[in-house]
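A short worksheet on the structure shown next.
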Amino acid sequence: MEPIISVKHLHKSFGAHKVLTDISVDIHSREVVVVIGPSGSGKSTFLRCLNLLEQPQEGDIIIEGTSLMAKSTRINDIRTEVGMVFQQFNLFPHKKVIENIMLAPMQVRKWPADKARQKALELLQKVGLSEKAEMYPASLSGGQAQRVAIARALAMEPKIMLFDEPTSALDPEMVGEVLAVMKDLASEGMTMVVVTHEMGFAREVGDRVLFMEQGIVVEQGVPEQLFGNPSHERTREFLSKVL
Amino acid sequence: MDFRFDIIVHYLPVLLKGTLFTIGVSLVSILCGSILGLVIGFGKMAPRWYFRWPFHAYINIFRGTPLYVQILIVHFGLIPLFYGKTYALMSAFVALSLNSAAYSAEIFRAGIQSIDPGQREAALSLGMTKLQAMRFIILPQAIKRMVPAFGNEFIVLVKDSSLLALIAAPEIMYWSNTMKGQYLRIWEPYLTAALIYFILTYSLSKLLNYIERKV
């Protein structure tokens, strides 16, 4: 089967600083790929290349057969199919929770307001925050804000969801509620790419784990193999520090 | 010291006309200056240096030279160049608008750049265009932060319009000077002018406080 995302020989630098070196990864539909690695390993940059929030210098990314690097590709069209959840939530503080979720479907997908509202209410129920619909983001806890951010991304009905360290900015007692929502999503068959430090989540939910260090994919495999019997010294070293 | 209210009363009709002129020229200059400032502010944020450069130069030139000098150049140089002769009303609002645009541009730029880049990224990641991200996400938040700075700029502009007396634009200071010339008195004309300016700027600051609470 054709992979839904195909990354080919990707290179990215910030000025003279090389961040990603020759990354090639295929991700299939309904797969949950977890990217782990030390800070500065390039894993967030890799994720941000997948919806072109970062522009790679070389290589190609093909999503559902469309090259992101081709001049004819309208990147906004790709982004409507690829949802993203950020470490800092990035909710729109001047809009109510429900408006945060309704805005993109109405402006980008041109849905009428009642359809967008209904979808938003469904999603709020799904993430367990129906009662917060009319609140502003400032009144939410970190865990609640991140669940709203997930709902906001899902409102566009994306085929792929990217998570950029979704629990790293949360107090420890709130990590569970966000991971629970992500687990639900994975079990429904959403294609997910997750950058995280939550090794428990990687082991339990991940179909495949990529270990990145210094801008390269050092090793990848199913969680049992990567966590249980890593084949590279660097992977072993990293895991011994975090597990 | 005797204070002659009768000469103030005598001059009241022209002073009121002058006040209307000051208000009119200030309003038009605030409006034109803000619109021009918006364009210049965005120009200064252009990704490439050769697009940015002219806007950058504009701001530096207009902020770096006295309004006094700018008024003279506009009045005796620029306007005659296009219009054939001097025209105080035109010079008045062209000079004030051009000057105000430089400051407004910086207020727009600073306001927009003060918004966390994550806001723009979130909007783009949802498939919004750059224009939609600006309109629905960045500008509404940035404008809130710009209001106090704009209030300050508008008040400065009203006071700076007094420099237009220089080119015989019939505003408040022009008539105060005339009054001083006719009666050879100091306190009455200048205190009256000061009081009028104060009433104008104080009302404006009250209005702006109200707007600040509203947005």
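Reminder, nothing fancy here: chain letters follow the sequence lines and each chain counts from 1.
Residue B:Ser104 holds its OG atom at 8.5 Å from CG of B:Leu36, rounded to the nearest 0.5 Å. Interatomic distance, B:Thr192 OG1 to B:Ile8 CD1, rounded to the nearest 0.5 Å: 3.5 Å. Expressed to the nearest 0.5 Å, how far CD1 of B:Ile35 lies from CG of B:Leu31 amounts to 4.5 Å. In this structure, the separation between CD on A:Gln87 and CG on A:Leu170 is 9.0 Å, given to the nearest 0.5 Å.
In this structure the side chain of A:Leu121 never reaches within 4.5 angstrom of the side chain of A:Gln125, judged on heavy atoms. Residues A:Ile5 and A:Leu50 have side chains in contact (heavy-atom distance under 4.5 Å, counting atoms from C-beta outward).
At a threshold of 4.0 Å, the pair A:Arg117-A:Glu134 counts as salt-bridged, since one of the basic side-chain nitrogens sits closer than that to a carboxylate oxygen. With respect to the salt-bridge test (charged N to carboxylate O, under 4.0 angstrom), the residues A:Glu81 and A:Arg109 qualify.
When the candidates A:Val82, A:Asn51, A:Leu103 are compared by the number of heavy-atom contacts under 4.5 Å with chain B, A:Leu103 comes out ahead. With chain B as partner, the option from A:Ala104, A:Gly83, A:Ala149 having the largest number of non-hydrogen pairs under 4.5 angstrom is A:Ala104. The residue among A:Leu52, A:Leu91, A:Ile75 with the most heavy atom pairs within less than 4.5 Å of chain B is A:Leu91.
Of residues 113-138 of chain B, those residues lying under 4.5 Å from chain A by any heavy-atom pair are B:Asp116, B:Gly118, B:Gln119, B:Glu121, B:Ala122, B:Ala123, B:Leu124, B:Ser125, B:Leu126, B:Gly127, B:Met128, B:Thr129, B:Gln132, B:Phe136, B:Ile137. By a heavy-atom distance cut of under 4.5 Å, not one residue of residues 142-161 of chain B is near chain A.
For A:Phe14, the CZ atom sits in a packed shell: over 12 heavy atoms of surrounding residues, nucleotides or ligands are nearer than 6.0 Å.
Relative to the six-membered ring of B:Phe55, B:Arg109 misses at least one condition, a distance below 6.0 Å or an angle of at most 45° to the axis.
At a 4.5 Å heavy-atom cutoff, the contact between A:Arg152 and chain B is made by backbone and side-chain atoms alike. Using a 4.5 Å cut-off between heavy atoms, A:Gln88 does not touch chain B at all. For A:Phe86, the part lying near chain B is the side chain, with the backbone staying farther off; criterion is any non-hydrogen pair under 4.5 Å.
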For this session: Let me see the working for B:Lys17 and B:Phe21 under side chain to side chain contact (heavy atoms under 4.5 Å, CB included), right down to the final yes or no.
Result: CA-CA 6 Å; B:Lys17 248 197 240 169; B:Phe21 185 94; over 6 Å; no
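Heavy-atom minimum distance, A:Ile61 versus A:Pro56: CD1-CG, 4.3 Å.
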